[in-house]
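Following: one structure in structure tokens, then a few remarks.
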Amino acid sequence: MDKILNWISENYSVLTGAVFAFVIAFIQKKGDIMDKLTGAFLCSLFSTGLFYGLVSIFPNCPQSAAVALGSFVGFYGVDECKELILNKVRSFLKSEKEEK
């Protein structure tokens with residue numbers, strides 16, 4: 001039990017960001033309860049994964065940024081965030097290809 005509590009205390013900001021993503025997405029999402037729960041759960045997973053991805057690229061990224069990222073993902077939604085990221089990657093790859 002001590003290990004679990006220690007992990008929670010070390011990752012408190014990330015867990016808070018995931019909870020923010022879940023709550024905001026649940027409030028924003030239209031549809032029945034299963035649609036809301038599924039969308040909110042995906043938002044929390046997506047925001048957590050996205051934050052840990054950013055931390056692996058930018059090691060000095062503060063843990064408190066997870067709350068802002070989670071709130072953004074929850075408000076904007078998983079599908080919209082996915083399209084935003086894919087469009088940025090496509091334009092980056094296109095610009096690199098044009099430089100060659």
Side-chain angles (χ1 to χ4, degrees):
M1 187 67 169
D2 288 337
K3 289 184 180 184
I4 293 171
L5 293 175
N6 188 34
W7 182 85
I8 289 172
S9 68
E10 289 175 3
N11 296 289
Y12 181 75
S13 294
V14 177
L15 293 173
T16 304
V19 169
F20 269 72
F22 185 90
V23 170
I24 292 170
F26 187 81
I27 292 169
Q28 291 278 96
K29 186 89 171 149
K30 305 282 190 256
D32 64 359
I33 192 73
M34 284 308 290
D35 287 340
K36 288 180 144 195
L37 287 174
T38 303
F41 182 69
L42 287 174
C43 279
S44 65
L45 287 178
F46 187 73
S47 68
T48 304
L50 191 59
F51 177 74
Y52 280 122
L54 284 174
V55 168
S56 67
I57 295 170
F58 305 108
N60 294 331
C61 184
Q63 289 271 326
S64 58
V67 176
L69 188 63
S71 299
F72 174 79
V73 170
F75 179 75
Y76 206 53
V78 172
D79 294 328
E80 288 82 2
C81 288
K82 179 183 77 171
E83 282 303 313
L84 180 72
I85 292 169
L86 288 176
N87 288 337
K88 294 292 181 189
V89 169
R90 285 182 194 119
S91 67
F92 176 75
L93 293 176
K94 184 179 178 183
S95 66
E96 277 200 355
K97 189 176 182 180
E98 289 174 356
E99 287 177 6
K100 290 182 180 181

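Since the structure is predicted, the reported quantities are computational estimates derived from the model, not experimental observations. For this chain, numbers begin at 1 and follow the sequence in order.
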Side-chain donor-acceptor pairs of residues 66-93 under 3.5 Å, sequence neighbours excluded:
| from | atom 1 | to | atom 2 | distance (Å) |
| --- | --- | --- | --- | --- |
| Ser71 | OG | Val67 | O | 2.9 |
| Asn87 | OD1 | Arg90 | NH1 | 3.1 |
| Asn87 | ND2 | Glu83 | O | 3.2 |
| Ser91 | OG | Asn87 | O | 3.3 |
| Ser91 | OG | Lys88 | O | 3.0 |

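- Not counting sequence neighbours, Pro59 has no partner by the side chain to side chain contact (heavy atoms under 4.5 Å, CB included) test.
- Applying the side chain to side chain donor-acceptor pair (under 3.5 Å) test to every pair with at least one member in residues 44-55, sequence neighbours left out, gives these pairs: Asn11-Tyr52.
- The shortest heavy-atom contact between Ser56 and Gly53 is OG-O, 2.7 Å.
- A continuous path of ILVMFWY side-chain contacts below 4.5 Å connects Val55 to Phe58, so both sit in one hydrophobic cluster.
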Distance-only donor-acceptor hits, side chain of residues 14-33, under 3.5 Å, sequence neighbours excluded:
| from | atom 1 | to | atom 2 | distance (Å) |
| --- | --- | --- | --- | --- |
| Thr16 | OG1 | Tyr12 | O | 2.7 |
| Asp32 | OD1 | Asp35 | N | 3.0 |

